[in-house]
2 protein chains.
Amino acid sequence: MTTIYDIAKATEYSITTVSKVLNNYPNVSEKAKKKVLQAVEELGYTPNSSARTLATNKSWMIGVVFAEHLGVGMAHPFFSEVIESFKKQVELYDYDLLFVSRNMGLQKRTYKHLKHRGVDGVVVVQSLGEEAIEYSTSKLPTVFIDMPIEKSSAVYSDNKQGGMLAVDYLYGLGHRKIAHIAGRDTMFTAVERTRGFKLATREKGLTIPEQYIVDGGYYSYEGGREAMVRLLGLEAPPTAVFVAGDEMALGAVKVIKEAGLRVPEDISVIGFDDIPLSKHVDPPLTTIRQDKQLIGQQSAVLLLDKINGLSKNNQDKIVPVQLIKRNSCSAL
Amino acid sequence: MTTIYDIAKATEYSITTVSKVLNNYPNVSEKAKKKVLQAVEELGYTPNSSARTLATNKSWMIGVVFAEHLGVGMAHPFFSEVIESFKKQVELYDYDLLFVSRNMGLQKRTYKHLKHRGVDGVVVVQSLGEEAIEYSTSKLPTVFIDMPIEKSSAVYSDNKQGGMLAVDYLYGLGHRKIAHIAGRDTMFTAVERTRGFKLATREKGLTIPEQYIVDGGYYSYEGGREAMVRLLGLEAPPTAVFVAGDEMALGAVKVIKEAGLRVPEDISVIGFDDIPLSKHVDPPLTTIRQDKQLIGQQSAVLLLDKINGLSKNNQDKIVPVQLIKRNSCSAL
DNA sequence: TTGTACGCGTTATCAT
DNA sequence: ATGATAACGCGTACAA
């Protein structure tokens with residue numbers, strides 16, 4: 001391996017001068033600069049980031065803690081888009097992303113591991129957070145996506161508003177018997193969407209029987225199926241259902257079809273997320289779109305500011321959602 | 001920050017002993033081990049990976065070079081599953097994944113950057129590779145996914161076989177006028193799938209007019225649309241079409257429907273990949289499934305062996321594909 | 001079994 | 001403008 005010592009020897013300058021050239025320091029002659037740069041090129045020198053990190057205490061890496069509880073990991077249709085956007089933003093400032101291994105059983109150690117790696121900051125991408133507190137009590141700059149954490153920054157969609165938008169739309173279409181397939185209430189996003197649902201129905205003067213709100217679990221296709229089965233088994237099934245996640249909504253649609261009913265003619269369905277899939281299914285799914293691009297970008301900005309000490313106090317960024325009308329809902 | 005010196009001071013042992021305890025070296029007394037471990041716990045010591053990497057020349061990081069030419073980056077439905085599987089495998093051996101920034105314009109520098117970071121190995125996940133040669137000529141252990149590179153290891157599906165399977169199936173269903181929407185021929189996977197198509201049709205004694213093979217670009221939905229439009233414009237349109245990618249196939253299906261035709265009654269469509277979407281669309285897409293899980297796992301094994309010097313010579317691993325019958329194809 | 005001392009490649013302080 | 005030299009935190013010959 002070639003080091004600054006090699007460059008120093010080749011150019012007959014000291015390592016100090018070499019280092020200064022490499023880091024664009026002011027006090028170096030043009031001549032020195034030229035010679036050094038040339039030697040760098042000729043010898044194919046590449047700086048060693050470990051040594052630099054050791055000396056500067058700055059790694060230019062951002063640790064990524066990814067949703068694990070869904071099994072799919074980084075193949076998650078929503079989170080992968082968010083993190084891609086996040087990556088694009090931090091790349092602008094030369095940060096790399098470190099996806100840390102989490103096979104160490106105890107969650108306690110993933111935070112330790114991040115410290116071990118010396119990452120400059122951490123982004124936690126998950127809707128569920130047992131270990132959240134560890135991060136917030138630490139000194140590692142951290143930003144959470146999809147869940148607010150006390151004493152830490154977070155970025156998430158306006159979930160409540162999304163729930164309200166869905167109900168308003170359905171109500172406007174003439175629906176009165178509106179059901180809700182909710183996410184498990186251990187997730188902040190799920191709770192908020194349900195809250196929006198309840199708020200809006202109340203606002204409209206609707207009385208929703210409690211069987212109309214059913215737990216669909218962790219936003220999975222299967223969870224949506226099971227929930228919809230329950231809904232169809234009711235004495236008075238709903239004419240419309242707001243499903244808290246798109247994958248879950250697809251499961252629900254499937255069950256409706258299997259029961260010999262049609263979407264949206266018999267039952268209207270509206271989802272949440274707008275994953276890539278949604279516009280391709282039949283019927284194309286009406287849904288509440290989360291702005292993944294903006295979520296990723298905003299969380300990057302927040303984290304970078306924290307890392308650079310520009311924002312001392314924590315803050316939450318709430319990203320607007322948007323109703324995407326497709327063909328899974330119709331007037332009554 | 002607390003270092004081994006702090007532990008040494010607290011336990012009244014030397015840093016050597018501390019280091020040995022931390023690394024499970026043989027020659028340490030139980031007593032020393034106990035005291036050190038306790039101090040580690042009390043002082044909340046976390047080893048510094050940069051220092052360790054600097055001293056051992058081993059980073060326990062694997063660099064990931066991801067497909068960029070499709071725009072979606074890590075949100076790619078196929079690659080994200082592969083890399084997730086890869087991650088699971090390397091995690092077993094305590095490696096972390098480093099997704100490096102690539103905003104530096106010239107591709108030349110992404111390889112430099114990897115060296116700078118001191119990663120122990122590199123996995124290149126893309127079907128297109130202008131810069132492939134750089135890796136193969138370097139000393140960095142590298143494994144390519146989806147494209148074979150001379151003097152380097154690679155893992156990819158049996159694309160040719162996939163093309164043949166598709167044709168055989170269609171032929172068995174009675175189809176004779178079989179078209180092919182191919183991927184751009186700059187991609188190895190595309191070339192192979194087309195080769196399989198040609199081989200099989202020839203085998204069956206079919207003569208395929210050259211307008212039946214149309215370039216759909218880089219496996220995109222839009223590319224599939226455009227290609228299908230061309231196919232439908234033909235004097236004698238095909239009764240079946242083998243599309244080299246699922247997203248592309250969905251675009252094709254869409255166009256067929258828009259033309260007032262039905263899938264599969266009027267035109268049968270078979271895709272390639274089996275992305276999560278495929279089973280949910282209407283009709284559920286018959287396709288050639290790539291074993292993403294195995295591809296990821298195998299490439300990890302290959303790379304790890306290379307890193308550990310267990311396999312000196314390069315090798316390619318070809319992963320079997322599988323026909324998944326759903327409802328987008330029917331007998332003539 | 002334990003400890004001393006040096007090296008890993010850089011940055012940074014302080015002279016010159 | 002340039003250069004010695006001391007950190008940064010850890011691993012490891014070598015000695016004791």
Side-chain angles (χ1 to χ4, degrees), chain A residues 1-40 43-61 94 96 112-120, chain B residues 1-40 43-61 94 112-120 139:
Chain A
M1 180 176 222
T2 122
T3 75
I4 49 173
Y5 283 91
D6 300 318
I7 306 292
K9 194 167 297 174
T11 58
E12 301 201 292
Y13 278 104
S14 73
I15 61 163
T16 306
T17 302
V18 173
S19 178
K20 283 182 174 172
V21 170
L22 261 27
N23 293 291
N24 287 315
Y25 270 56
N27 294 328
V28 267
S29 67
E30 278 305 319
K31 188 174 146 199
K33 197 176 279 186
K34 205 166 190 173
K35 280 190 73 173
V36 167
L37 257 21
Q38 183 182 337
V40 163
L43 302 185
Y45 164 78
T46 315
N48 180 311
S49 81
S50 296
R52 180 183 308 214
T53 296
L54 189 56
T56 60
N57 200 29
K58 168 100 184 166
S59 69
W60 294 100
M61 291 192 300
D94 290 336
D96 293 326
K112 272 264 183 187
H113 190 63
L114 257 358
K115 279 198 78 167
H116 161 70
R117 282 302 195 180
V119 295
D120 297 331
Chain B
M1 181 178 223
T2 122
T3 75
I4 50 173
Y5 284 91
D6 300 319
I7 307 292
K9 195 167 296 173
T11 58
E12 300 201 296
Y13 278 102
S14 72
I15 62 163
T16 307
T17 303
V18 173
S19 177
K20 283 182 174 172
V21 170
L22 261 27
N23 293 293
N24 285 316
Y25 268 56
N27 295 327
V28 269
S29 67
E30 278 306 317
K31 186 172 149 202
K33 197 176 280 187
K34 204 166 191 170
K35 280 191 73 173
V36 168
L37 257 22
Q38 184 181 336
V40 163
L43 302 186
Y45 165 77
T46 315
N48 180 311
S49 81
S50 295
R52 179 178 305 197
T53 297
L54 190 55
T56 61
N57 200 29
K58 168 97 183 166
S59 68
W60 294 100
M61 292 192 300
D94 290 336
K112 272 266 185 184
H113 190 62
L114 256 359
K115 280 198 77 168
H116 162 70
R117 282 301 194 182
V119 295
D120 297 331
K139 269 123 282 169

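Please read these numbers as outputs of a predicted model, since none were measured by experiment. Below, read A as the first sequence line, B as the second, and so on, with proteins coming before strands; counting in each chain starts at 1.
Between the CZ atom of B:Arg117 and the P atom of C:dT10 there is a distance of 14 Å, rounded to whole Å. One interatomic measurement links the two molecules: CG of A:Leu54 to P of C:dC8, which rounds to 14 Å at whole-angstrom precision. One interatomic measurement links the two molecules: CG of B:Asn57 to C1' of D:dC10, which rounds to 14 Å at whole-angstrom precision. Atom P of nucleotide D:dA6 and atom CD1 of A:Ile15 are separated by 12 Å, given to the nearest angstrom. Rounded to an integer number of Å, the gap from B:Met1 CE to D:dG9 P is 7 Å. The NZ-C1' distance, from B:Lys35 to C:dT1, rounds to 15 Å in whole Å. Rounded to whole Å, atom C1' of D:dG11 lies 13 Å from atom CG of B:Asn48. Counting to the nearest Å, the P atom of C:dT4 and the CD atom of B:Glu12 are 13 Å from each other.
Using a 4.5 Å cut-off on side-chain heavy atoms (C-beta onward), A:Lys115 and A:Lys112 make no contact. Contact of the B:His116 side chain with the A:Asp96 side chain is not registered, since no non-hydrogen atoms from C-beta on lie closer than 4.5 Å. Using a 4.5 Å cut-off on side-chain heavy atoms (C-beta onward), B:Met61 and B:Thr53 make no contact. In this structure, B:Lys9 and B:Leu43 have side chains that are not in contact, with every pair of non-hydrogen atoms separated by 4.5 Å or more. Taking the side chain as every heavy atom from C-beta outward, A:Leu37 and A:Val21 approach each other to under 4.5 Å. Using a 4.5 Å cut-off on side-chain heavy atoms (C-beta onward), B:Asn48 and B:Met1 make contact. Looking at heavy atoms from C-beta onward, A:Leu22 lies in side-chain contact with A:Tyr45 at the 4.5 angstrom threshold. Counting heavy atoms from C-beta on, the side chains of A:Thr16 and A:Lys20 come closer than 4.5 Å.
The nucleotide whose nearest atom lies closest to any side-chain atom of B:Ser29 is, among C:dT2, D:dC8, D:dG11, C:dT2. Considering only side-chain atoms of B:Ala51, the nucleotide from D:dG9, D:dT2, C:dT11 that sits closest is D:dG9. Looking at the side chain of A:Ala55, the nearest of the listed nucleotides C:dT2, C:dT10, D:dG3 is C:dT10.
B:Leu54 and A:Ala51 get closest at one heavy-atom pair: CD1-CB, 3.8 Å.
Looking at heavy-atom distances under 4.0 Å, B:Ser19 makes contact with a base. B:Glu30 comes within 4.0 angstrom of no nucleic acid atom, judged by non-hydrogen atoms across all strands.
Taking every heavy atom of residues 3-11 of chain A and every atom of DNA chain C, pairs under 4.0 Å involve A:Thr3, A:Ile4, A:Tyr5, by number. For the segment residues 20-28 of chain A, the set of residues with a heavy atom within less than 4.0 Å of an atom of DNA chain D comprises A:Lys20, A:Asn27, A:Val28, in numerical order.
Contact of A:Thr16 with D:dA4 (side chain to base): a donor-acceptor pair of N or O atoms is detected under 3.5 Å.
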